[in-house]
Amino acid sequence: MSSLPDAAPQDPGAHIVIVGAGQAGLMAAEALRSGGSTAAITLLGDEPHAPYHRPPLSKAWLAGEVDAAQLLMRAPEMLARKQITLRTDSPVQAIDRATQRVLLADGSALHYSGLVLATGATPRRLPLAGAEAANVLTLRSRDDAVAIADGLARCQAEGLPLVVIGGGFIGLEVAATARKKGVAVTVLEAAPRLLGRVLSPQLSDWYAALHRSHGVALALGAAIERLVVQDGQARAVQLADGRELPCGLVVLGVGVQPNDALAREAGLAVDRGIVVDACGRTSDPFIVAAGDCAARRLPDGRLLRLESVQNASEQGKSAAAALLGQERPFMATPWFWSDQYDRKLQMAGLSEGADQAVLRGSLENGPFSVFQYRAGRLVAVDSVNAAKDHLTARKLLEAGVSPTPEQAA
Ligand code: FAD
């Protein structure tokens, strides 16, 4: 990937445009300012809201434990003080690389001397008969969360169950929150395990038991035939084995697709995400990308696309540094968290290809961590209500230190 021309964004009249006013976009904007950029900075979002925290949308906010004001990441006035122009409701429709302009849906265009793509991702929908019904919802935005909260309130009022399709983090968090509200919940997962791609079998089984202990009906290896729709509303989910599960609300949590269409249509390198190097640089020297929309090329040639707050924040900062002509590769140990019931999972590292799991603590009672090894090397640690273990694990993984399985236990 080519390096950026040092002087360009620092020219008087330089204008850095950021597409996407989410986690990565906001971090990039602020890092540009704190890194000394004197360019005009415009942060373009397609939502009506100023940047907000997404993680509480399936957790504390949905449970009614925090209000909308607490979701706000930065008030518009604070951005104005940093001379960052926030434009909400301003979707970008195309990038004209030849003239270095972004074209907005309202027909206007903005010239850029540096462009940050931080467009995030869009939840997948399923090609199921009936999936277009009004009460079949996905969760990505604040407005999505409001619709789900309304749907849960209707389920509560009418005594109707929630069916969650997809046993990933978002689906399981919504399931746990719905149980807190007393709504009956069924989770349908096509794979034989919950969170099977990211957790060790031991921890995956533990999550299944946790949800069942809270009254969730869990169907693993579930095949869905169709949704039964009446008056535009899904009334039941029909399984391939003939069972019909009544529902008042269906939440689809079957993963996301990176928002890479703008980049693809502009001819940038895209491969299930906008291809970037460790500094967020794309195949165009004036354009960087960060967050859920970006797929980072690893030294071994593979591409890594992560969906986490840490990744979006750090990649956003790296991308900003790249526009300032600085090298700030983001290669830190990935970490992630998930809250379900009163259990906080904290994950450090990447468990792909792990061939040995060692338990520290007790699965039955109290905090515990699962240390995962690949070919004898520690690659990931998943901790439940064990914040100290998690912090230690991050330090170990960062330093490349691999305790023996005996030491870990
Ligand atoms: P986003 O924050 O999605 O921001 C992208 C923005 O760009 C969006 O506002 C989008 O509408 C906008 N946009 C897209 N296209 C355009 C366009 N053409 N023009 C203008 N704007 C555009 N991560 C964790 O680490 N821990 C958690 O517990 C956790 N929980 C989560 C719970 C939920 C319900 C969700 C949805 C996500 C959760 N995540 C969690 C993931 C985390 O929130 C994301 O990885 C992070 O927000 C990604 O940041 P981003 O800036 O790449 O994308």
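For ligands, and for the atoms within them, numbers begin at 1 and follow the listed sequence.
With a 4.0 Å heavy-atom cut-off, ligand 1 is reached by no atom of Phe169. Neither the backbone nor the side chain of Gln310 comes within contact range of ligand 1; no heavy atom lies under 4.0 Å.
Applying the 6.0 Å contact sphere to CZ of Arg197 captures no more than 12 heavy atoms from other residues, nucleotides or ligands. The number of heavy-atom neighbours closer than 6.0 Å to CZ of Arg124, taken from other residues, nucleotides and ligands shown, is above 12. A 6.0 Å sphere centred on CD of Glu65 holds more than 12 heavy atoms belonging to other residues, nucleotides or ligands.
For Arg374 against Leu350, the heavy-atom pair with the smallest separation is NH1-O, 4.5 Å. For the pair Asp106 and Ser108, the tightest heavy-atom approach, listed with the atom from each and the gap, is OD1-OG, 2.6 Å.
Taking the six-membered ring where the residue is Trp, Phe336 and Phe169 present tilted rings, their angle falling between 30° and 60°.
Residue, atom and distance of the protein heavy atom nearest to atom 24 (C) of ligand 1 are Phe336 CE1, 3.3 Å. Of the protein's non-hydrogen atoms, the one nearest atom 34 (C) of ligand 1 is Ser58 OG, 3.5 Å. Nearest protein heavy-atom contact of atom 50 (P) of ligand 1 is Ala24 N, 3.9 Å. When only non-hydrogen protein atoms are considered, atom 28 (O) of ligand 1 lies nearest to Lys59 NZ, 2.6 Å. Atom 43 (O) of ligand 1 has as its closest protein heavy atom Arg54 CB, 3.5 Å. Looking at atom 46 (C) of ligand 1, its nearest protein heavy atom turns out to be Asp292 OD1, 4.0 Å. Counting only heavy atoms of the protein, atom 41 (C) of ligand 1 lies nearest to Glu307 O, 4.2 Å. Atom 14 (C) of ligand 1 has as its closest protein heavy atom Thr119 O, 3.1 Å.
With Gln340 as reference, His211 is the one residue of Arg179, His211, His214, Glu173 to meet the side-chain hydrogen bond (donor to acceptor under 3.5 Å, both in side chains) rule.
The heavy atom nearest to atom 6 (C) of ligand 1, considering only Ala118, Gly45, Ala105, is found in Ala118.
For ligand 1, the atoms lying closer than 4.0 Å to a non-hydrogen atom of Ile170 are 33 (C), 34 (C), 35 (C), 36 (C). Residue Glu47 approaches ligand 1 through these ligand atoms, each under 4.0 Å from one of its heavy atoms: 8 (C), 9 (O), 11 (O). Heavy-atom proximity to Leu44, at under 4.0 Å, picks out these atoms of ligand 1: 20 (C), 21 (N). Near Leu139, meaning under 4.0 Å from any of its heavy atoms, are these atoms of ligand 1: 34 (C), 36 (C). For ligand 1, the atoms lying closer than 4.0 Å to a non-hydrogen atom of Arg140 are 1 (P), 3 (O), 36 (C), 48 (C), 53 (O). Taking every non-hydrogen atom of Ala312 and a distance limit under 4.0 Å, the qualifying atoms of ligand 1 come out as 48 (C), 49 (O). Below 4.0 Å from some heavy atom of Leu262 lie the following atoms of ligand 1, by number and element: 18 (N). Every atom of ligand 1 is numbered from 1 in the order shown, and the set under 4.0 Å from a heavy atom of Pro91 is 19 (N), 20 (C).
Residue Asp46 has at least one N or O atom closer than 3.5 Å to an N or O atom of ligand 1. Taking distance alone, with nitrogen or oxygen atoms compared against 3.5 Å, Val309 approaches ligand 1 more closely than that limit.
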Determine, step by step, whether Thr282 and Asp284 satisfy the side chain to side chain donor-acceptor pair (under 3.5 Å) criterion, reporting the C-alpha distance in whole Å, the side-chain angles of both residues, the deciding distance to 0.1 Å, and the verdict.
CA-CA 5 Å; Thr282 69; Asp284 180 316; 5.5 Å; no

Check the pair Ile95 / Tyr112 against side-chain contact (heavy atoms from CB on, under 4.5 Å), numbers first and verdict last.
CA-CA 10 Å; Ile95 304 166; Tyr112 63 81; 3.7 Å; yes

Can Asp144 and Ser141 be said to form a side chain to side chain donor-acceptor pair (under 3.5 Å), step by step?
CA-CA 5 Å; Asp144 294 342; Ser141 68; 3.3 Å; yes

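For Arg140 and Asp292, the salt-bridge test passes: some basic side-chain N is under 4.0 Å from an acidic carboxylate O.
Atom-to-atom distance recorded for Asp205:CG and Ser200:OG is 8.5 Å, nearest 0.5 angstrom.
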